[in-house]
A.B. asks: 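I'd like to ask some things about the structure below.
Computed from a prediction, not measured in an experiment: that's the story for all the values here. All values below were derived from every heavy atom in this structure, side-chain atoms included, with hydrogens, water molecules and symmetry-related copies excluded.
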Amino acid sequence: MTVRVQREAFDLGRELDALSAGNHAIGGLASFVGLVRDVAPPGGEGAALAAMTLEHYPGMTEKMLERIEAEANRRWELEASLIVHRYGRMEPGEPIVLVACASAHRQAALEACQFLIDWLKTKAPFWKVEESDGGEGRWVEARDSDEAAAARWSEDGPKAAE
Amino acid sequence: MTVRVQREAFDLGRELDALSAGNHAIGGLASFVGLVRDVAPPGGEGAALAAMTLEHYPGMTEKMLERIEAEANRRWELEASLIVHRYGRMEPGEPIVLVACASAHRQAALEACQFLIDWLKTKAPFWKVEESDGGEGRWVEARDSDEAAAARWSEDGPKAAE
Amino acid sequence: MARLLYFAWLKSHTGTAEEEVALPQEVTTVAELLAWLPSRGPGYAKALENPKLIRVAVNQEYARPGDPVAAGDEIALFPPVTGG
Amino acid sequence: MARLLYFAWLKSHTGTAEEEVALPQEVTTVAELLAWLPSRGPGYAKALENPKLIRVAVNQEYARPGDPVAAGDEIALFPPVTGG
């Protein structure tokens, strides 16, 4: 179980190789990488995105990510798990976040990976501000679909996120 | 859309980087890697696995993988997809298969990735023979759980696989 | 004194990312804090005009309207998160 | 002549991975092929003794019992797949 919050980009291949290296009980390794798109999401009227900046809440971010990861390890039998989340300024094509889960069996790895990214989207204190070409920064609004995705995993049924 | 069937190992980081390189419409990249475990699955009584060999049906393998991938691209809006499947002899810790899907949105990438590995497990003509330490080769039996996983994706409800 | 933190667009309205504030005696819960803050000035009123968009964390834990706040707490106000 | 392919443990029983076979006139479907093959020898009988474990592909397409087979076809017999 590892959580890292950092400004620098990460090397996807190196992170994944390190996660499974030397553990021959691992039968499946699932991962998800979120990347900066060059198209602003709904509300930005499709303006080309020049860059985005992620603000976060140092201290609480790490705490929440560690808790989310511990919850995934409680729900699924994982051999290894990793969350790397960046903050600061990023341009289109750059990776923002990596979640990865390794397990003896593929289903556990895949489900835990989906769980982590869904929860992180609604629980981890990050806020995006987007710079359009020539325009000024615009704070991205939260999406109901993210709340719905996270609510799927609620153990006492869908409910409003805190 | 790319399918490769090969004897050689693959470099996970290089494959994933190549898949998303230069396409800034990609917001999410999901991947799954299957690895050789050192523990034989149920039926092998937990004997340590020395190696396994994957036999396949050249020609039909590529055809089935291409069809599975095309189906994923029909069901989800993907920016890129990749299946790399190895054959031949592999030792514990070695990667067997990689599936990866990139999309504007994370849900499409994650679901398509899960779909690909579930279908591939029941449709792609590969057969595993396991070598235990000191023992001789044992053909791995198909698992009902794999059929059930693939049946989830059947568009006219769960049914027996062909 | 409590330490108040503001993130994302809330910070633009309050004009500060962080401040030490003496909580008045009638402010003992998150809800009471949110009701009192707008009285501190037009920027605060603007930041808090839509309470549905405000999330609160007390000592780095998500808090509900009825949860207590007190001197010594680190209290963060922010909009719904948009990371990942 | 049809080309028959055997994979995995079927191959161990038949003793061959691949052979050219003249299909008798009564063999026009997958089911008829599976019914006829055991008569070719004890290895074939052994390979096909549990028909539930046999999958068939005709010209590299999964085939059902009623699907036709004919001279010129590539017909593969194998157990349920276990890749991935």
A.B. asks: With a 6.0 Å cut-off (strictly less than), is the heavy-atom count around CD of B/Glu77, excluding the residue itself, greater than 12?
C.D. replies: no
A.B. asks: Using a heavy-atom distance cut-off of less than 4.5 Å, which residues of residues 66-84 of chain D contact chain B?
C.D. replies: D/Glu74, D/Ala76, D/Phe78, D/Pro79, D/Pro80, D/Val81, D/Thr82, D/Gly83, D/Gly84
A.B. asks: Find the distance between CH2 (B/Trp139) and CH2 (D/Trp9) and round it off to the nearest 0.5 Å.
C.D. replies: 10.5 Å
A.B. asks: Check whether more than 12 heavy atoms from other residues, nucleotides or ligands sit under 6.0 Å from atom CD of B/Glu111, and answer yes or no.
C.D. replies: yes
A.B. asks: Side chain, backbone, both or neither: which part of D/Leu53 has an atom under 4.5 Å from a heavy atom of chain B?
C.D. replies: neither
A.B. asks: Measuring heavy-atom distances to chain D, does B/Arg86 have an atom under 4.5 Å in its side chain, in its backbone, in both, or in neither?
C.D. replies: neither
A.B. asks: Any chance CG of D/Asn50 has more than 12 other-residue heavy atoms, nucleotides or ligands included, within less than 6.0 Å?
C.D. replies: yes
A.B. asks: So which residues of residues 53-65 of chain B are in contact with chain D at a heavy-atom cut-off of under 4.5 Å?
C.D. replies: B/Leu54, B/Glu55, B/His56, B/Tyr57, B/Pro58, B/Gly59, B/Met60, B/Lys63, B/Met64
A.B. asks: How about CZ on B/Arg89, more than 12 heavy atoms from neighbouring residues, nucleotides or ligands closer than 6.0 Å, or not?
C.D. replies: yes
